[in-house]
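Remarks on the structure that follows.
Order of appearance sets the numbers: ligands from 1, and atoms from 1 within every ligand.
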Amino acid sequence: MSFAEYSEEIRDGDVAIVYLGHESMMPVKVRHGGQTQTRYGAIRHSADLIGQRYGAKVTCSKGGWVHVLHPTPELWTVTLPHRTQILYSTDIATITLMLELKPGSVVCESGTGSGSLSHAILRSIAPTGHLHTVEFHQQRAQKAEEEFAEHRVDHLVTVTCADVCKDGFGVAGVADAIFLDIPSPWEAVPHAKIALKAHGGRVCSFSPCMEQVQRTCQALLAHNFEEVETLEVVLRVHEVRTVSMPLPDFGPDAPATPQAPPLPASNHATVSLKTTTPPREMPAHTGYLTFATKPRT
Ligand SMILES: C[S@@+](CC[C@H](N)C(=O)[O-])C[C@H]1O[C@@H](n2cnc3c(N)ncnc32)[C@H](O)[C@@H]1O
C-alpha cells in the first residue's frame with residue numbers, strides 16, 4: 001500500500017480505510033496482533049485484515065460487517081485527523097486541474113496544515129515529481145512528515161519548517177506550480193516567483209476573504225504574473241430517490257365500443273419513478289481560488 005500506488009493485498013504496516021457506512025469511515029493502522037473496535041465489534045488485524053484483498057467484506061466480532069478499502073487522497077481527506085482547517089476534494093480537484101499537475105511536476109506548497117491537499121498533490125505528481133511543502137508550526141510539520149512516511153510517499157516530498165513569507169520555499173528555479181493556503185499569501189508572492197522555473201509556471205492561492213484576494217491579485221500583478229483570475233467552486237450533489245406522483249384525472253375513459261358502458265375513473269392512480277432532487281442544503285463558502293501564470297523569462 002502507498003497513497004500513490006495501488007496494491008491488491010492488505011499488509012502489516014498499511015493504513016487501510018474501514019468503511020462502516022457512507023458517512024462513517026475511519027483510517028486504521030494495520031499491525032500484527034492489533035485490534036480495532038467498531039460499532040459492529042472488534043476487527044482483529046492478523047486474522048481479519050492481513051493477507052485479505054483490499055475491498056474485502058470483513059465480519060466483526062459481533063457479527064456485523066465492514067468493507068476495508070485501499071487508501072486514496074479523497075478517502076484520507078474525509079477521515080484524517082484535523083490539525084487545521086483543510087481543503088476538500090471539490091477545491092482540490094480544481095486546484096489540481098488549474099495548476100496542470102501531472103506525473104513529474106515539481107510543486108511548492110505552504111502551509112502543509114493537515115496534509116489534505118499534500119496527499120492529492122503527491123498522488124498526481126508520482127512517481128517522478130516532487131513536493132516541497134513549508135509549514136512554520138513545528139508540531140504540524142513533524143506530524144506531516146511522519147504521516148508521509150507511514151503512507152509511503154516520503155520519497156516524493158520534502159517538509160521544511162519555516163516561515164514562507166520570510167524564508168521562501170527553500171528552492172529556486174525548480175517549480176512548475178506553487179500553492180498557497182496561508183493568511184497573508186501576498187507576502188509569499190515574491191518567493192513564489194523565485195521558486196518557479198525560468199520558463200514559467202502556475203500559481204494558486206486559496207483565501208476565504210475577498211480582502212485577501214485583492215491584496216494577492218495586486219501582488220501578483222506587481223510581480224508580472226499574467227492570466228490572473230479568481231474563482232469559487234460550488235458543488236451541488238443531487239440525491240437519487242424514488243418519487244410517487246399522482247396521475248392527472250381526465251375523467252372516465254371513452255367506451256371501447258359505442259354500446260359498452262364507460263370504464264370507471266381511477267381516483268388515486270400514481271406513478272412511481274426514480275429521479276434526482278437538488279440539495280435542500282449546500283456546503284457554504286470555502287474560499288476563493290486565485291490563479292496566475294508566471295511567463296517565461
Ligand atoms: C489552513 S492550513 C492549510 C491546510 C492545508 N491546505 C490542508 O489541506 O490540510 C494553513 C497552515 O499554514 C500554516 N502557515 C500559516 N502562515 C504560514 C507561513 N507564513 N509560513 C508557513 N506556514 C504558515 C499554518 O500553521 C497552518 O498549518
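Asp12 places a side-chain N or O within 3.5 Å of a backbone atom of His32 that can act as its donor or acceptor partner. Between the side chain of His285 and the backbone N or O of Pro208, at least one donor-acceptor pair lies under 3.5 Å. Using a distance-only test at 3.5 Å, with no hydrogens or angles considered, a donor-acceptor pair links the side chain of His70 to the main chain of Ser7.
Side chain to side chain, His130 and Thr158 meet the donor-acceptor criterion of an N or O pair below 3.5 Å. There is a side-chain donor-acceptor pair under 3.5 Å between Thr36 and His45. No side-chain donor from either of Ser205 and Thr290 sits under 3.5 Å from a side-chain acceptor of the other.
In terms of polar-atom proximity, defined here as any N/O pair under 3.5 Å, Asp163 does make such a contact with ligand 1. For the pair Leu87 and ligand 1, the shortest N or O to N or O distance falls below 3.5 Å.
Annotation: atom 12 (O) of ligand 1 to nearest protein heavy atom, Gly111 CA, 3.4 Å. For atom 14 (N) of ligand 1, the closest non-hydrogen atom of the protein is Phe136 CE1, 3.5 Å. Looking from atom 20 (N) of ligand 1 to the surrounding protein, the closest heavy atom is Val164 N, 3.0 Å. Of the protein's non-hydrogen atoms, the one nearest atom 26 (C) of ligand 1 is Arg140 NH1, 3.3 Å. Protein heavy atom at the shortest distance from atom 6 (N) of ligand 1 is Asp181 OD2, 2.9 Å. Residue, atom and distance of the protein heavy atom nearest to atom 11 (C) of ligand 1 are Glu135 OE1, 3.6 Å. Looking at atom 7 (C) of ligand 1, its nearest protein heavy atom turns out to be Ser116 N, 3.7 Å.
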May I have the step-by-step check of side-chain contact (heavy atoms from CB on, under 4.5 Å) for Asp167 and Phe136, ending in yes or no?
-> CA-CA 10 Å; Asp167 312 318; Phe136 70 3; over 6 Å; no

Show the numbers, then the answer: is there a side-chain contact (heavy atoms from CB on, under 4.5 Å) between Phe206 and Leu117?
-> CA-CA 11 Å; Phe206 174 91; Leu117 176 69; over 6 Å; no

From CA spacing to verdict: salt bridge (Lys or Arg N to Asp or Glu O under 4.0 Å), Arg83, Glu135 | CA-CA 12 Å; Arg83 301 181 284 274; Glu135 169 59 60; over 6 Å; no

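Aromatic ring orientation, Phe3 versus His151: parallel (interplanar angle below 30°, classes split at 30° and 60°).
Here is the list of ligand 1 atoms found below 4.0 Å of a heavy atom in Pro183: 15 (C), 16 (N). Close contacts between ligand 1 and Cys165 involve ligand atoms 19 (N) [criterion: under 4.0 Å to a heavy atom]. In summary, the atoms of ligand 1 found under 4.0 Å from a heavy atom of Gly115, numbered by their order in the structure, are 9 (O). Listed by number with element, the atoms of ligand 1 under 4.0 Å from a non-hydrogen atom of Gln85 are 1 (C), 2 (S), 4 (C). Those atoms of ligand 1 that come under 4.0 Å of a heavy atom in Ser114, given as number and element, are 9 (O). Close approach of ligand 1 to Ser110 is summarised as follows: ligand atoms under 4.0 Å from at least one heavy atom of the residue are 20 (N), 21 (C), 22 (N).
The shell of residues lying under 4.0 angstrom from ligand 1, judged by heavy atoms, includes Ala162.
Taking all heavy atoms of Leu117, Thr84, Thr112 into account, the minimum distance to atom 5 (C) of ligand 1 is reached by Thr112.
Checked options Val28, Ile17, Asp14; the residue passing with Pro71 is Ile17 (criterion: side chain to side chain contact (heavy atoms under 4.5 Å, CB included)).
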